[in-house]
Structures are given as C-alpha cells and as structure tokens.
Number of protein chains: 2
Amino acid sequence: MANRKTLSGGSAAFHGTRHAHARCVGRALGRAEELCRQRGARLTYMRRRVLELIWDSHKAVKAYDLLDRLSDSEKSVRPPTVYRALEFLMVHGLVHRVDSLNAFVGCSGSDEQHNAQFLICQECGEVSEMDGAMIGQAVARQAAEAGFNVRRQMVELHGECPGCAAK
Amino acid sequence: MANRKTLSGGSAAFHGTRHAHARCVGRALGRAEELCRQRGARLTYMRRRVLELIWDSHKAVKAYDLLDRLSDSEKSVRPPTVYRALEFLMVHGLVHRVDSLNAFVGCSGSDEQHNAQFLICQECGEVSEMDGAMIGQAVARQAAEAGFNVRRQMVELHGECPGCAAK
DNA sequence: CTGGAAATGTTACTTTATAACAATGCATTT
DNA sequence: AAATGCATTGTTATAAAGTAACATTTCCAG
Ligand SMILES: [Zn+2]
Ligand SMILES: [Zn+2]
Ligand SMILES: [Zn+2]
Ligand SMILES: [Zn+2]
C-alpha cells in the first residue's frame, strides 16, 4: 500500500519496518566502496563503520548517537572522530546532513551531483530522499526571478509518510 | 539592476546597504503591534527589543549575538530570556528560524500562514523571504506522488544575491 | 489593593560541534 | 627493510546552541 515504483521526475520511497534492509545496506556500502576506489579516497575502518551505523535504519541519526554506538565498554570514541568521518562521507556524497534535525542520513541517490529533497516523517522518523525535478526547476525559476543565483538548495519536508498516514 | 517590483506568484527583494531601512523596521514593528493587539498577546519590552535587534539588518541573527547585544555592562541577559522571546515571536509569525544557519530573521511576509522560502546570500549574508507559489505547488505535488502528507516545508536556498553577483 | 497568571530572572545543565596538537598508520622511495 | 612524508585518528579542551526547573517579578482583573 505504500510505495510506488518509479515516479515521473523523481522518486521517493518509504520502507517501513518490513523490507529486505540488508539490500539497502549492501547497495550503500557497495556504492561507497566503488566510489572511493574510483576517486582514490580511502574508506577506512572508521568511515565504513560510521556509514554502516547510519544505514542501520532509514532514520536520520544524531552524531552523538553514533558516538555512543561506536564506544564499547573498553574504548570511548570522541566527537572529532565521528565528525571527521561524517565530513568525509558528506564530501563524497555518501551521507547527507538534515539541517532541520541536526542529524545525518545515508544518501540513497544514484548519481553524483543531485538536488536532494528530504521527506521526513514526524511519526516514525523515517527519512526519504527524493530527486524532484519539478521542485528543482520551480526553485531555480523563482530564484532567478529574484535575480538570485542558487548554489545549494535545501528542501526538507516534514509530515506523514504513507505508512503512518494510514494509521 | 537588482530588484523587480512584484513578481508572479511571489516576491523576493534584496535591499543591500543603501535603502530606507527605518521603513522596514517601522513596518515590522507596526505589524507586530497590530497583530499582538488583535490577538491579545503582549508585545513586552523584551520581546519588542529582540524584534528590533533582529530587524537591525536583513541578515539572520544568532541567538547568542542577541544575547550579547542585550547585555549591557550592568546586567547580563541569559539564554532563556532570549529564547523565550524568540519562541514568542516565532509562534506569532513575526520571526523565522533559518535552520541551515541556526539563526533568526524577521518575517517580511504579510499574511498570517505562509509557506516561506529563504534566499540566503553566501557573500553578504542577507536573507530574503519569498512566498513562491510555484515552489509550494511543486513541493506539494511531488510529495503527494510519494504518498507523503506535508505539514511543514523548509526551503532554504544558498547562493548569491543580485548585488553580490554583480561584484 | 489583592490574588493569580504571565513574564522574566537565575542556576545549572544538555546537546551539538570545532580548534589545536600529538600519535599513529600507511604507502612510496631509497 | 628503513626512512620519509602525508593522511588518518586520538586526545584535550572549549565553543556554540539550546533547555529544564524553580524563584521572582510584573501586571491585570476583580
Ligand atoms: Zn532499507
Ligand atoms: Zn512514518
Ligand atoms: Zn531594510
Ligand atoms: Zn549578497
């Protein structure tokens, strides 16, 4: 009842609890590996670990939650470590920061440079990335009307995902 | 060569340094006064003071900058005071929070409930609010395609304002 | 003038993020 | 293999942003 497959001009999918999430993770890590190899960037243990933790769910994750989850009883990981990994992952387009939540989410886009918009469910917390061409165009056009030169667009929509709407 | 007057579906204006800013402030305070009277809300000294400080420029202002500016050598104002004033002003639609900057900007919109988008100049820091109908519609449509029910939309565009683009 | 709610003051703390420098790891050259 | 050099991570400390809880004051209605 929830997801369509592919949508004109962009797609956004909510996954809910029951889905083959191992595939999502696999895809993300595979892409990271591939992309880093292409660019000669190093997907180190720490960076991969952070990426895995982020992909533990489709929700946005707080930096300090990552911090806690990375710290076992032996060793405690410090903020800069996490933030540096996040920085790396963001630079390479593997992770996005959701500004309205102060949190991070795995990039589910395929191509390199994309105008991502985020649908954020206020109920279940799931975040879905969508590449809405229409939105991008509308944004570009209206900004142009104001003589404004858009470099980076941030679109974060809070509301109810299909699953939670059908509660 | 910067501003047009009124634009189809919405407007956004950048002011630059030379303009009759007293009018902007006057308009904003007038509107606040009027609106609070209508609603029986109290525009207290502190709230008005914070609103004035925010309207000191068309840039987004950080809460702790307000804090500093409110604290004279005698008395130091504390965070809760500022955040409470900001809370009040936001609830009444007199001020917006710019999430991507952790900062606040005076609302230059006229009507009560509006879908505001923000154009943020990376050079001069000026922020312009725009009520882009096209963007709003595009957002609504594409979200609907994904079965998503939008409650709040956050659209913040970073780039170059007309003035700074013509540097 | 007085009782009570709204607003502000105050203290202390949480959350989020970064600066600066030290130690370590890893690859390439010698 | 040893030496070199840069990228990565560790460590300490602190900055920046925001909130909880309770005390005090203000202000208005009765
Ligand atoms: Zn999944
Ligand atoms: Zn949901
Ligand atoms: Zn002005
Ligand atoms: Zn500018």
Side-chain angles (χ1 to χ4, degrees), chain A residues 32-33 35-37 39-54 59-92 94-105 125 154 156, chain B residues 32-33 35-37 39-54 59-92 94-105 125 154 156:
Chain A
E33 202 93 47
L35 204 141
C36 286
R37 202 165 40 69
R39 300 186 188 171
R42 292 170 52 195
L43 188 60
T44 60
Y45 173 76
M46 185 56 75
R47 290 164 178 175
R48 164 192 287 272
R49 189 114 175 60
V50 168
L51 187 57
E52 281 171 4
L53 285 175
I54 285 176
K59 300 177 185 173
V61 186
K62 304 238 153 199
Y64 275 73
D65 285 351
L66 294 171
L67 207 53
D68 289 343
R69 290 203 263 159
L70 285 168
S71 303
D72 54 25
S73 46
E74 302 280 318
K75 258 174 83 83
S76 91
V77 172
R78 306 310 174 101
T81 301
V82 168
Y83 281 102
R84 283 191 288 228
L86 288 170
E87 169 76 13
F88 173 89
L89 295 169
M90 285 199 294
V91 163
H92 290 283
L94 299 168
V95 155
H96 294 291
R97 194 191 135 89
V98 182
D99 286 301
S100 56
L101 297 177
N102 289 347
F104 303 83
V105 69
M154 256 152 341
E156 299 175 13
Chain B
E33 203 91 49
L35 204 141
C36 286
R37 203 166 39 69
R39 301 186 188 173
R42 291 169 53 193
L43 189 61
T44 60
Y45 173 76
M46 186 54 75
R47 290 166 177 173
R48 165 191 288 273
R49 191 116 172 56
V50 167
L51 187 58
E52 281 171 5
L53 285 175
I54 285 176
K59 301 177 184 172
V61 186
K62 305 240 156 197
Y64 275 73
D65 285 351
L66 294 172
L67 207 53
D68 289 343
R69 291 202 264 158
L70 286 168
S71 303
D72 53 26
S73 47
E74 302 280 318
K75 256 173 84 82
S76 92
V77 171
R78 306 312 173 99
T81 301
V82 169
Y83 281 103
R84 283 191 287 229
L86 288 170
E87 168 76 13
F88 173 90
L89 295 169
M90 285 200 294
V91 163
H92 290 283
L94 298 168
V95 155
H96 293 290
R97 194 192 134 88
V98 182
D99 287 309
S100 57
L101 298 177
N102 289 348
F104 302 83
V105 69
M154 184 272 230
E156 298 176 11

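All chains are named by letter (A, B, ...) in the order of the sequence lines, taking the proteins before the strands, and each is independently numbered beginning at 1.
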| Earliest and latest nucleotide of DNA chain D, 5' to 3', sitting under 4.0 Å from a non-hydrogen atom of chain B? | D:dA17 to D:dC27
| task | For residues 64-86 of chain A, pull every pair meeting ring pair (Phe, Tyr, Trp, His ring centres under 6.0 Å), keeping only residues two or more places apart or in separate chains. | result | none
| message | Suppose we screen for side-chain hydrogen bond (donor to acceptor under 3.5 Å, both in side chains). Which residues come up paired with B:S76, at least two apart in sequence or across chains? | response | B:R78
| request: Identify which one of B:L67, B:V61, B:D65, B:L70 satisfies the side chain to side chain contact (heavy atoms under 4.5 Å, CB included) criterion when paired with B:L53. | output: B:L70
| Among all residues two or more places apart in sequence or in another chain, which pass the side-chain hydrogen bond (donor to acceptor under 3.5 Å, both in side chains) test with B:R49? | B:Y45
| Taking the nucleotide of DNA chain D with the closest heavy atom to each, which residue, A:N102 or A:K75, is nearer the 5' end? | A:K75
| field | Residues which pass salt bridge (Lys or Arg N to Asp or Glu O under 4.0 Å) with A:E33, listed by chain and number, not counting sequence neighbours | value | A:R48
| field | Pairing residues for A:R37 by the salt bridge (Lys or Arg N to Asp or Glu O under 4.0 Å) criterion, not counting sequence neighbours | value | A:E34
| request: May I ask you to test the A:E87-A:V91 pair for a side-chain heavy-atom distance under 4.5 Å? | output: yes
| request: In whole angstrom, give the distance that lies between atom CG of A:L101 and atom P of C:dT16. | output: 11 Å
| said: Run the salt bridge (Lys or Arg N to Asp or Glu O under 4.0 Å) test against A:R69 and tell me which residues pass, sequence neighbours left out. | reply: A:D56
| field | Minimum-distance pair of heavy atoms, taken over all atoms of B:I54 and B:V95 | value | CD1-CG2, 3.7 Å
| End-to-end bend of the helix from C:dC1-D:dG30 to C:dT30-D:dA1 (five-pair axes, 10° rounding)? | 20°
| For DNA chain C, which residues in residues 40-51 of chain B have a heavy atom at a distance below 4.0 Å? | B:R42, B:T44, B:M46, B:R47
| said: Is A:K62 close enough to C:dT15 that one of its side-chain N or O atoms is under 4.0 Å from OP1 or OP2 there? | reply: no
| query | What's the CZ-C1' distance between B:R78 and C:dA7, to the nearest Å? | reply | 17 Å
| remark: Nearest heavy-atom contact between B:S71 and B:V77 is OG-N, 2.8 Å
| Nearest 0.5 Å, what's the CG-CG distance between A:L35 and A:L43? | 10.0 Å
| request: Quick one: list whatever passes ring pair (Phe, Tyr, Trp, His ring centres under 6.0 Å) with A:H92, sequence neighbours left out. | output: A:F88
| Which residues share a side-chain contact (heavy atoms from CB on, under 4.5 Å) with A:D99, sequence neighbours left out | A:R97, A:M154, A:E156, B:S100, B:M154
| remark: Residues of residues 81-88 of chain B with a heavy atom under 4.0 Å from any atom of DNA chain C, listed by number, are B:T81, B:R84
